[in-house]
Amino acid sequence: SLELTIQNEYLQARFDPDTGLLMEVNNLEEGLQLAVRQAFFWYNASMGDGLSSQASGAYIFRPYRQEPMILSRWVQPRLVKTSLVQEVHQNFSAWCSQVIRLYRGRRQLEFEWTVGPIPVGDNWGKEIVSRFDAALDTKGLFYTDSNGREILERRRDYRPTWKLNQTEPVAGNYYPVNSRIYIKDSEMQLTVLTDRSQGGSSIRDGSIELMVHRRLLKDDGRGVGEPLQEDLPGRWVRGRHLLLLNKLKTAAAAHRLQAQEEVLAPQLVLASGDGTPYRPS
Amino acid sequence: SGASASLNEAMAVLQHHDAVSGTSKQHVANDYARQLAEGWGPCEVLLSNALARLSGSKKDFTFCRELNISLCPFTQGAHSFEVTVYNPLGRKVERMVRLPVSKEAFLVKGPDGAVVPNNVVPNPSSEQLELLFPATVPALGFSVYSVSRVSPRRPTSLRRRPRAQEAE
């Protein structure tokens with residue numbers, strides 16, 4: 001029942017003692033406090049229904065129900081605190097776990113998730129998302145990038161150049177995320193940087209979700225000719241999301257500089273020690 | 001001799017929309033992976049040659065391709081090793097280096113020979129230990145850190161107490 005907190009000189013993350021899930025992020029440097037919950041959810045992939053025979057597949061994301069199911073309402077957290085890093089380890093299921101990490105001197109909260117192999121023994125294709133729910137009044141707007149260059153404003157159930165008849169409330173609001181997605185209100189901005197291209201959206205005000213893995217049992221009939229299935233026992237993926245909370249006026253500098261460091265990350269080369277002097281000849 | 005031509009070619013092939021979006025058939029995805037892996041091999045040699053020339057020392061450079069899943073037989077087995085951190089950005093960066101290891105205590109020294117603080121932390125996903133230390137790398141340059149195993153310090157609670165206290 002002890003409250004879990006990880007903190008460095010710039011950020012503090014607090015965890016719900018009852019569920020073990022993230023519940024609040026504080027930017028100590030800028031004096032910001034935001035209630036943020038984060039958990040993993042899964043969409044049941046459509047195999048086609050009475051409205052349309054369209055199945056979810058490699059090309060098409062089409063959930064059977066518009067509300068995703070939470071993977072676990074609580075986790076048994078494990079806290080690791082050292083001089084260089086503070087971590088909370090969370091185990092959502094046998095095939096989904098996460099480390100939430102705060103390094104000394106860093107201004108972002110790192111989520112390292114490990115997902116898979118997705119079980120499909122129940123004959124349900126599954127599409128797994130990591131969802132951040134924050135107390136922000138975002139008025140139906142969110143922002144995604146285009147190849148890390150131009151940030152585009154996305155408005156739920158809206159297209160800027162034609163009158164949209166929205167028939168897919170979830171999939172119809174998903175957009176490509178190449179390096180970042182963010183939401184904001186009049187005071188602060190919540191940004192999530194990704195380490196790879198993913199699908200993402202803000203289905204409700206204050207919410208950000210990113211699809212991290214999917215395993216499907218039916219071809220979507222758009223050309224690939226195969227379901228997005230995997231050889232037994234299936235694949236697992238590991239990736240990272242970086243969460244930044246900033247005032248509006250500092251947010252762009254923060255996420256742009258950090259995203260550069262992610263996209264052009266330092267490379268490691270190892271060697272066993274002493275070598276011989278190099279001669280160009 | 002190293003070469004980047006085959007990786008260039010593989011990357012060019014992978015500009016196809018099927019490779020970018022993941023909508024290829026499985027056997028095509030397998031072939032994309034094969035082309036990337038075969039292209040990366042000669043590139044490792046090229047990078048080794050470049051690092052040898054820049055550092056003035058020819059070494060058996062090792063690349064751990066599975067660091068993302070906390071696997072590196074080299075760092076997990078070696079008693080001491082060097083870590084070259086290359087920064088492709090045009091400004092100085094500070095980065096926390098994470099390397100899978102099998103022991104609990106290390107001495108890390110920076111490019112100037114000064115001791116760098118480090119921790120060994122468990123990675124719950126892979127049930128591995130990971131060595132953690134901060135690295136500072138100049139713009140478009142590299143820093144070399146040396147890592148060596150040391151005997152773990154005895155935790156305070158395990159120290160022998162005076163006999164009289166034990167009897168109590």
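Quick note on labels: first sequence line is chain A, next is B, and so on, each numbered from 1.
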Toward chain B, the part of [X] with a non-hydrogen atom under 4.5 Å:
X        : value
A:Leu257 : both
A:Val263 : neither
A:Arg279 : neither
A:Arg196 : neither

Between [X] (side chain only) and [Y] (backbone N and O only), is there a donor and an acceptor less than 3.5 Å apart?
X        : Y        : result
A:Ser130 : A:Leu210 : no
B:Lys25  : A:Val224 : yes
A:His241 : A:Leu109 : no
B:Asn119 : A:Leu84  : yes
A:Gln267 : A:Ala265 : yes
A:Ser72  : A:Val75  : no

query: Are there residues of residues 54-61 of chain A that reach to under 4.5 Å of chain B by heavy atoms, and which ones?
result: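 At a heavy-atom separation under 4.5 Å, chain B is reached by A:Ala58, A:Tyr59.
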
Between [X] and [Y], is there a side-chain N and carboxylate O pair less than 4.0 Å apart?
X        : Y        : result
A:Arg240 : A:Glu110 : yes
B:Lys59  : B:Glu82  : yes
A:Arg106 : A:Glu261 : yes
A:Glu226 : A:Lys218 : no

statement: Interface check, chain B: of A:Arg222, A:Arg104, A:Arg101, most non-hydrogen pairs under 4.5 Å belong to A:Arg101

- prompt: So which bits of residues 4-20 of chain B come within less than 4.5 Å of chain A, counting non-hydrogen atoms only?
  reply: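 Within residues 4-20 of chain B, the residues that come under 4.5 Å of chain A (heavy atoms only) are B:His17, B:Asp18.
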
message: Looking only at heavy atoms and a cut-off of under 4.5 Å, which of B:Ser55, B:Cys72, B:Pro122, B:Gly22 has the most pairs with chain A?
response: B:Pro122

- prompt: Do you know which of B:Asn87, B:Asn68, B:Val137, B:Val28 has the most heavy-atom pairs with chain A at a distance under 4.5 angstrom?
  reply: B:Asn68

query: Considering residues, nucleotides and ligands other than A:Lys81, do more than 12 of their heavy atoms fall under 6.0 Å from its NZ?
result: yes

- prompt: In this structure, which one of A:Ile128, A:Leu71, A:Val129 forms a side chain to side chain contact (heavy atoms under 4.5 Å, CB included) with A:Phe41?
  reply: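 The side chain to side chain contact (heavy atoms under 4.5 Å, CB included) with A:Phe41 is passed solely by A:Val129 among A:Ile128, A:Leu71, A:Val129.
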
message: Going by side chain to side chain contact (heavy atoms under 4.5 Å, CB included), A:Glu127 matches just one of A:Arg215, A:Arg62, A:Met211. Which one?
response: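 With A:Glu127 as partner, side chain to side chain contact (heavy atoms under 4.5 Å, CB included) holds for just one option, A:Met211.
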
Using non-hydrogen atoms and a 4.5 Å limit, figure out which bit of [X] sits close to chain A: side chain, backbone, both or neither.
X        : result
B:Thr23  : both
B:Val85  : both
B:Leu47  : neither
B:Ala78  : neither
B:Ser148 : neither
B:Phe61  : both

task: Name all pairs fulfilling the side chain to side chain donor-acceptor pair (under 3.5 Å) condition that reach into residues 41-53 of chain B, sequence neighbours left out, sorted by first residue then second.
output: B:Trp40-B:Glu44, B:Glu44-B:Arg65

Output side-chain donor-acceptor pairs under 3.5 Å for residues 98-105 of chain B, partner residues at least two apart or in another chain, one line each.
unit_1	atom_1	unit_2	atom_2	d
B:Arg98	NE	B:Glu130	OE1	3.0
B:Arg98	NH1	A:Tyr103	OH	2.8
B:Arg98	NH2	A:Glu87	OE2	3.4
B:Arg98	NH2	B:Glu130	OE1	2.9
B:Ser102	OG	B:Gln76	O	2.6

